[in-house]
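The structure appears right after this line, and notes come after that.
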Amino acid sequence: MRAKIVAGNWKMNKNIADSGVLLSELKEKLKETPEAKVIVAPTFTNLYYAFEELKGSDIDVAAQNMHQAESGAFTGEISADMLTSIGVTTVILGHSERRAYFGETDELLAEKVATALKHNMTIIFCFGEELEERKDNNHFAVVESQLKNALFSLDSSAWKQIVLAYEPVWAIGTGETATPEQAQEMHAFIRKTISEAYTAEVAEEVSILYGGSVKPANAKEIFAKPDVDGGLIGGASLDAESFAAIANSF
Ligand code: PEP
């Protein structure tokens, strides 16, 4: 059965001291293991600390990004080997902020995915349409092409290491959420698309998270949809009480 997952993307928030406070609050609040697997993605400078702090807990740590090259003259970048060498084996790739502000394309993301897989990492792969694309009724075509360009050259065995995060850009950090019906409609479409490109079994096994202004007040309703396997949470993951409430929404 595919995993239920609630992942918190801290983005460029929390210094080391603030991270320590949030991590210890989370450990306390999530002592009773939720039904979902819980992951936090702090910024690079806090990753090793978070990994060490969370040892022995059921909370996993992910990176928010990584470079596609193995090593070399890429000032300011972080490699897969650097992440795995500190114990971090999950990475978020393709977040809409990376696409919008740092020019990440589907083609570049395909390279990053290949590198992460080479290092046996799990990938939380983000994608989703912009508001104009939804208004123009292009959202299904956009999502299909994002998946196809970045992921559909993979062998079916690689899908065991892929978690999808459908994040409509118009719902990220805006307070605007897709309705549970809109999320379900898109998640079912994504599963059908994967089933056609691969097999029904691959499609059934992949966890598809929803991201975009998930809060304690709406998580239960969204996660109740049959093709929604959890959430990627931005703003609400910065507060232990909110994030724990979301993680306990299954
Ligand atoms: C995100 O950035 O992945 C996200 C879903 O953010 P928020 O929950 O703040 O909309």
>> Testing Lys192, Arg191, His187 one by one against Asp227 for a side-chain hydrogen bond (donor to acceptor under 3.5 Å, both in side chains), which residue passes?
In response: Arg191
>> Can you confirm whether Tyr48 is buried at OH, in the sense that more than 12 heavy atoms of other residues, nucleotides or ligands lie under 6.0 Å from that atom?
In response: no
> Any salt bridge between Glu104 and Arg99, counting N to O under 4.0 Å?
Replying inline: no
> Going by heavy atoms in the side chains, are Leu131 and Val169 under 4.5 Å from each other?
Replying inline: no
>> For the backbone of Glu53 and the side chain of Lys27, can you confirm whether one donor and one acceptor N or O come within less than 3.5 Å of each other?
In response: yes
>> Under a 3.5 Å threshold, yes or no: a donor from one side chain and an acceptor from the other, between Ser207 and Asp229?
In response: no
> Should the pair Glu35-Lys4 be classified as a salt bridge under the 4.0 Å nitrogen-to-oxygen rule?
Replying inline: no
>> Heavy-atom count check: over 12 atoms from other residues, nucleotides or ligands less than 6.0 Å from Glu52 CD?
In response: yes
> Within the distance-only criterion (no hydrogens, no angle test), does the side chain of Asn218 pair as donor or acceptor with the backbone N or O of Val214 below 3.5 angstrom?
Replying inline: no
>> Are Val91 and Asn65 packed together at the side-chain level, in the sense that at least one heavy-atom pair is separated by less than 4.5 angstrom?
In response: no
> Does the side chain of Val61 reach to within under 4.5 Å of the side chain of Pro42, using non-hydrogen atoms?
Replying inline: yes
>> Just so I know, are the side chains of Glu32 and Asn248 near enough to count as touching, which here means a heavy-atom distance under 4.5 Å?
In response: no
>> Between Asn138 and Ala141 (side chain of the first, backbone of the second, donor and acceptor by atom type, cut-off under 3.5 Å), is there such a pair?
In response: no
> Short question: side chain of Ser79, backbone of Met82 - any donor-acceptor pair under 3.5 Å?
Replying inline: yes
> Can Tyr166 and Glu129 be counted as having a side-chain donor-acceptor contact under 3.5 angstrom?
Replying inline: yes
> Do Glu133 side-chain atoms and Glu130 backbone N/O form a donor-acceptor pair below 3.5 Å?
Replying inline: yes
> Is a donor on one side and an acceptor on the other found under 3.5 Å between the side chain of Asp239 and the backbone of Ser242?
Replying inline: yes
> Sub-3.5 Å donor-acceptor pair from the side chain of Asn13 to the main-chain atoms of Trp10, do we have one?
Replying inline: yes
>> I'd like to know if the side chain of His119 pairs up with that of Glu70 as donor and acceptor (distance under 3.5 Å, no hydrogens or angles considered).
In response: yes
> Just by distance, do the side chain of Ser213 and the backbone of Ala171 share a donor-acceptor pair under 3.5 Å?
Replying inline: yes
> Do Thr177 side-chain atoms and Thr179 backbone N/O form a donor-acceptor pair below 3.5 Å?
Replying inline: no
> Got a sec: does the CD of Glu221 have more than 12 other heavy atoms crowding it under 6.0 Å?
Replying inline: no
> Any side-chain heavy atom of Glu97 sitting closer than 4.5 Å to one from Lys11?
Replying inline: yes
> Does Val6 offer a backbone N or O that forms a donor-acceptor pair with the side chain of Lys37 under 3.5 Å?
Replying inline: no
>> Does the plane of the ring in Phe152 sit parallel, tilted or perpendicular to the ring in Trp159? Use 30° and 60° as the thresholds.
In response: tilted
